[in-house]
Visitor: 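Before we start, here is the structure in question, set down as structure tokens.
To find a chain, count down the sequence lines: A is the first, B the second, and so on, and within it residues start at 1.
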Amino acid sequence: MLRSTARPLLNSTINARPSCREYHLIKHGSRPVRPGSLPNRVCSAGMATDCAGWHLLGTPREELRLEHTLPTGQSFRWRETGDDEYIGVIGQRVVQIRQLEDDVAWRIIGRAPQAAEAEDTAVLADYFNLSTPLADLVRTWSASCDHFARIQPYFQGARMLRQDPTETLFQFLCSSNNHISRIHGMVERLCSGWGTRLPLTRSDEYGGPAHHAFPTLDQLAAVSEADLRAAGFGYRARFVTGSVARLRALGGEAWLATLRAGPPDVAVAALCTLPGVGPKVAACAALFSLDAHALVPVDVHVLALATRHYLPALRGKALTPALHAQVQAAFVARFGAHAGWAHNTLFISELARYRGRVPGTTRAEEVLLARGSEVAEEVDAGPDACARVVGMDGSDASTGKGGRARRKRKGGAASVASSLVEEQMELAPTTPPQAAA
DNA sequence: CAGGTC
DNA sequence: TCTGG
């Protein structure tokens, strides 16, 4: 399942690293990690066990930052277990992973019996999509978009994962009309309730909860709608049971995997035939698991940033399938074949927890981040360098029809102004990007 | 009260 | 139409 047939698993950076070397720069950001909290040495696959099983991924910080990749909404299978450290499940393996100053260390702490140790390195490289050089792409995106260039240094290493298709589809079935925290719980209950338990191999060092593989389609077929409602799925319970049935009729996991080889629009169309799967969920599943690197899942936040920077004429419009397509086209026109990856960095920069991280953000943008795009002109009419319509014939864009005339916001300019003050006060002190130098 | 799909 | 924040 995790075996890649479409591309080589490793890049030269990974292969070229030393087999076993000392940790030199054991730091988190600017804080040194206390001695003894990390193993003395790390090893490549197959080395002796005195290295405590740790390996280096070989990814400098421009290529992978865990905090921008694991807890930012593309997977709900990771739990933060420490400062810049996570435990999660990749396929049949329980993985402990830790951010270092200019690399990432990992080790396997549990596995199914059939998960061979010899495959560990390849499985990790595949999951983290290491054959795609993020830093090179970032340079081209920064040249194409001033807004991207400005925010990107604060969100380095926001890498797209290459997750299992079935797992990804059901994770994002849960995501519709829902928030990250709740999705996390639903996915966890799905796995612990019906997935195969993965035995720990280092139980002496780990006292946390048990870990489970994501349930197979056959295991999911045994789950009733009532089970799922009891597990807190709400009306999505029927989406899950319905999609399980339809998926099995179509050929199960193997059929889903064939979508990787075909064009992205075919994958999206196929996914949209499943109950509970619309354009957004389909784009998530395709981008996060089916190698559809150009796809952009358009939710309300992505729509907001797109109208702000690329498609001002769409301001105030509803998120219809046609609009979804327009935003998708604008992203591809600007960012190219890996537009979905570029969108990922932009999406993260919009998350509430990162608000205020980019210094010099205009007052208008702060209001927009908090309130949506409708009030932009009331506060700051300054045009952004990116705010040009891209990849459209201009039929609707030039007229602005249906755009700013319809403001359905609650509260007028006065409330905007007062919220501005609140916003400014809430802003965190401007922290420089940790690796801008 | 936010948040995609039917 | 569900439920956590």
Visitor: Return the set of residues passing side chain to side chain donor-acceptor pair (under 3.5 Å) with A/Glu80 (not counting sequence neighbours), or none when no residue passes.
Guide: none
Visitor: Any side-chain N or O of A/His301 under 4.0 Å from OP1/OP2 of B/dG3?
Guide: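 For B/dG3, OP1/OP2 do have a side-chain N/O of A/His301 under 4.0 Å.
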Visitor: How about A/Val123 and A/Ile90: do any of their side-chain heavy atoms sit closer than 4.5 Å?
Guide: yes
Visitor: What's the NZ-P distance between A/Lys280 and B/dA2, to the nearest Å?
Guide: 16 Å
Visitor: Which residues pass the side chain to side chain donor-acceptor pair (under 3.5 Å) test with A/Arg159, sequence neighbours left out?
Guide: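 With sequence neighbours excluded, A/Arg159 shows a side chain to side chain donor-acceptor pair (under 3.5 Å) to A/Glu63, given in chain and number order.
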Visitor: Test: salt bridge (Lys or Arg N to Asp or Glu O under 4.0 Å). Region: residues 188-197 of chain A. Which pairs qualify, not counting sequence neighbours?
Guide: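 Listed by first then second residue: nothing to list.
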Visitor: Apply side chain to side chain contact (heavy atoms under 4.5 Å, CB included) to A/Ala270 and list each qualifying residue two or more places apart in sequence or on a separate chain.
Guide: A/Trp255, A/Leu259
Visitor: Atom CZ of A/Arg79 and atom CD of A/Gln96: how far apart are they, to the nearest 0.5 Å?
Guide: 10.5 Å
Visitor: Using a 4.0 Å heavy-atom cut-off, does A/Arg238 contact any base of the nucleic acid, only the sugar-phosphate backbone, or nothing at all?
Guide: nothing
Visitor: Could you tell me how far apart A/Leu271 (CG) and B/dG4 (P) are, to the nearest whole angstrom?
Guide: 17 Å
Visitor: Can you check the A/His324 NE2 to B/dG4 P distance for me, whole Å?
Guide: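 That distance rounds to 10 Å.
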Visitor: Can you pull out every ring pair (Phe, Tyr, Trp, His ring centres under 6.0 Å) where at least one residue sits in residues 269-292 of chain A? Sequence neighbours excluded, please.
Guide: A/Phe172-A/Phe288
Visitor: So which pairs with a foot in residues 238-247 of chain A pass side chain to side chain donor-acceptor pair (under 3.5 Å), sequence neighbours left out?
Guide: A/Arg246-A/Thr273
Visitor: Using a 4.0 Å cut-off to any heavy atom of chain A, which nucleotides of DNA chain C are the first and last in contact, reading 5' to 3'?
Guide: C/dT1 to C/dG5
Visitor: A/Asn177 has an atom CG; how far is it from atom P of B/dC6, in whole Å?
Guide: 12 Å
Visitor: Starting from P on B/dG3, measure out to CZ on A/Phe239 and report it in whole angstrom.
Guide: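 Answer to the nearest Å: 18 Å.
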Visitor: Only counting residues at least two apart or in another chain, list the ones meeting side chain to side chain donor-acceptor pair (under 3.5 Å) with A/Gln74.
Guide: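 With neighbours one apart ignored, the set is empty.
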Visitor: If pairs are Watson-Crick or G-U with both distances under 3.5 Å, what is the dot-bracket string of DNA chain C, marking crossing pairs with [ ] and pairs to another strand with |?
Guide: .|||.
Visitor: Quick check on DNA chain B: between A/Pro275 and A/Val300, whose nearest nucleotide comes earlier from the 5' end?
Guide: A/Val300
Visitor: My understanding is that only residues two or more places apart in sequence, or in another chain, count here; which of them pass side chain to side chain donor-acceptor pair (under 3.5 Å) with A/Arg111?
Guide: A/Asp120
Visitor: With a 4.0 Å heavy-atom cut-off, tell me which residues in residues 179-190 of chain A come close to DNA chain C, sorted by residue number.
Guide: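 Contacts with DNA chain C under 4.0 Å: A/Ser181, A/Arg182.
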Visitor: For A/Phe347 and B/dG3, give me the distance from atom CZ to atom C1', rounded to whole Å.
Guide: 12 Å
Visitor: I'd like to check the ring pair (Phe, Tyr, Trp, His ring centres under 6.0 Å) partners of A/His338; sequence neighbours left out, ordered by chain and number.
Guide: A/His293, A/Trp341
Visitor: Provide, to the nearest angstrom, the distance between the CG atom belonging to A/Leu303 and the C1' atom belonging to B/dA2.
Guide: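 From A/Leu303 CG to B/dA2 C1': 15 Å.
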